[in-house]
Amino acid sequence: MISEKVAKLLNEQINKEFYSAYLYLDFSNFYVDQGLNGFANWYKVQAQEERDHAMLFMQYMQNNDLRVTLEAIDKPEQVFTENKEPLVAGLEHERYVTGLINTIYDAAYQDKDFRTMQFLDWFVKEQGEEETNATDLIKKMDLFGSDPKSLYMLDNELAARVYTAPSLVL
């Protein structure tokens with residue numbers, strides 16, 4: 001049985017994941033304005049992933065007869081002026097989300113809620129990948145961002161990213 005504390009944290013995570021999707025759509029809009037449609041595409045795909053993460057948490061709660069409460073989603077408030085700024089904000093956000101997942105995992109561990117821990121294992125791995133991807137983008141921007149031709153090539157590379165739905169079995 002899932003404790004009230006773990007259920008509350010899971011429900012909060014649903015809303016945080018939807019916020020993450022909003023945040024990444026905002027990043028995408030910034031890059032469209034900059035004429036960097038590949039970067040915009042990368043963050044649109046990222047937003048789709050975050051939305052699906054929210055849906056996975058929601059389905060997990062529903063599969064365990066837990067009530068889901070959707071809250072208002074905050075508007076992203078950051079204003080960017082440099083191409084690298086959303087990338088750095090993205091890494092910071094992924095680290096924040098990793099902390100949230102770890103908090104839920106810890107609460108499930110304290111309750112000996114092995115089913116929830118097993119469910120969260122996929123997200124723990126996913127967060128490692130998300131932080132690596134965010135770090136890699138920052139490194140690439142540092143290496144190539146100041147050269148227009150290189151930035152153009154990097155933008156084209158990011159334009160090729162396509163969405164693939166997560167393969168987590170609930």
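These numbers were taken from a predicted model, which means no experiment stands behind them.
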Determine whether V97 and F123 satisfy the following criterion, side chain to side chain contact (heavy atoms under 4.5 Å, CB included), listing intermediate values before the conclusion. CA-CA 10 Å; V97 172; F123 289 95; over 6 Å; no

Check the pair L87, Y43 against side chain to side chain contact (heavy atoms under 4.5 Å, CB included), reporting the backbone distance first and the verdict last. CA-CA 10 Å; L87 304 178; Y43 277 110; 3.5 Å; yes

Rounded distance [0.5 Å steps], CD in E126 versus CG in L120: 13.0 Å

With Q127, which of R95, E94, H53 fulfils side-chain hydrogen bond (donor to acceptor under 3.5 Å, both in side chains)? E94

Check the pair Y24, K44 against side chain to side chain donor-acceptor pair (under 3.5 Å), reporting the backbone distance first and the verdict last. CA-CA 7 Å; Y24 291 146; K44 281 181 191 171; over 6 Å; no

Looking only at side chains, do Y31 and N83 share a donor and an acceptor under 3.5 Å apart? no

Give the minimum heavy-atom separation between V124 and Y105, together with the two atoms involved. CG2-CD1, 4.1 Å

Side-chain donor/acceptor of D113 to backbone N/O of I2, under 3.5 Å: no

Between R51 and A21, is there a donor-acceptor pair closer than 3.5 Å when you use the side chain of the first and the backbone of the second? no

Within a strict 4.5 Å, meaning less than it, do heavy atoms of the L70 and V68 side chains meet? yes

In the structure I gave you, are the side-chain heavy atoms of L151 and D147 within less than 4.5 Å of one another anywhere? no

Quick one: pull up CG in L36 and CG in D155 and give me the separation to the nearest 0.5 Å. 4.5 Å

Salt-bridge contact E12-K8 (side-chain N to carboxylate O under 4.0 Å): yes

Just by distance, do the side chain of N15 and the backbone of T69 share a donor-acceptor pair under 3.5 Å? yes

Ignoring hydrogens and geometry beyond distance, is a side-chain donor-acceptor pair present between E85 and Q78 at under 3.5 Å? no

Say whether Y19 and V79 are linked into one hydrophobic cluster, either directly or through other cluster members, by side-chain heavy-atom distances under 4.5 angstrom. no

Go through the steps for L137 and W42 under the test side chain to side chain contact (heavy atoms under 4.5 Å, CB included), then give the verdict. CA-CA 10 Å; L137 277 176; W42 199 91; 3.6 Å; yes

Check ion pair K125-E129 (N to O, under 4.0 angstrom): yes

Do F18 and M55 have side chains that get closer than 4.5 Å, going by heavy atoms? yes

CD/Q48 to CG/L25 distance, rounded to the nearest 0.5 angstrom? 8.5 Å

Within a strict 4.5 Å, meaning less than it, do heavy atoms of the E50 and E130 side chains meet? yes

Looking at the rings of Y60 and F57, which for Trp means the six-membered one, are their centres under 6.0 Å apart? no

Cluster question for you: counting only ILVMFWY and a side-chain heavy-atom cut-off of under 4.5 Å, with indirect links fine, are Y96 and L23 together? yes

Look up atom NZ in K140 and atom OG1 in T135, then write down how far apart they are to the nearest 0.5 Å. 12.0 Å

What pair of heavy atoms forms the shortest contact from S28 to A40, and how long is it? OG-O, 2.9 Å

Separation between CG (D136) and CE (M141), nearest 0.5 Å, reads 13.5 Å

With sequence neighbours left out, the residues meeting side-chain contact (heavy atoms from CB on, under 4.5 Å) with S3 are K5, V6, D111

Salt bridge or not between K75 and D26? Use side-chain N to carboxylate O under 4.0 Å. no

Is there side-chain contact between V45 and V162, with at least one heavy-atom pair below 4.5 Å? no

Judged by modelled atom types alone, do N64 and R115 share a side-chain donor-acceptor pair under 3.5 Å? yes

Distance-minimising heavy-atom pair for A159 and N41: O-ND2, 3.2 Å

For R67 against N11, the heavy-atom pair lying closest together: O-OD1, 3.7 Å

Under a 4.5 Å side-chain heavy-atom rule over Ile, Leu, Val, Met, Phe, Trp and Tyr, are M61 and M1 clustered together? no

If you define the side chain from C-beta out and look only at heavy atoms, does anything of F39 sit under 4.5 Å from P86? no

Can you find a heavy atom in the side chain of F144 that is under 4.5 Å from one in the side chain of M153? no

Taking the six-membered ring for Trp and the single ring otherwise, decide whether the centroids of F80 and F27 are under 6.0 Å apart. yes

Could you tell me which non-hydrogen atom of K84 sits nearest to which non-hydrogen atom of I138, and how far apart they are? CE-CG2, 3.7 Å

Scanning both residues in full, the closest heavy-atom pair of E17 with I101 reads OE2-CD1, 4.4 Å

Stepwise side chain to side chain contact (heavy atoms under 4.5 Å, CB included) check, Y22 with I73: CA-CA 8 Å; Y22 264 40; I73 301 172; 3.6 Å; yes

For the atom pair NE2 (H93) and CD (E131), what is the distance rounded to the nearest 0.5 Å? 11.5 Å

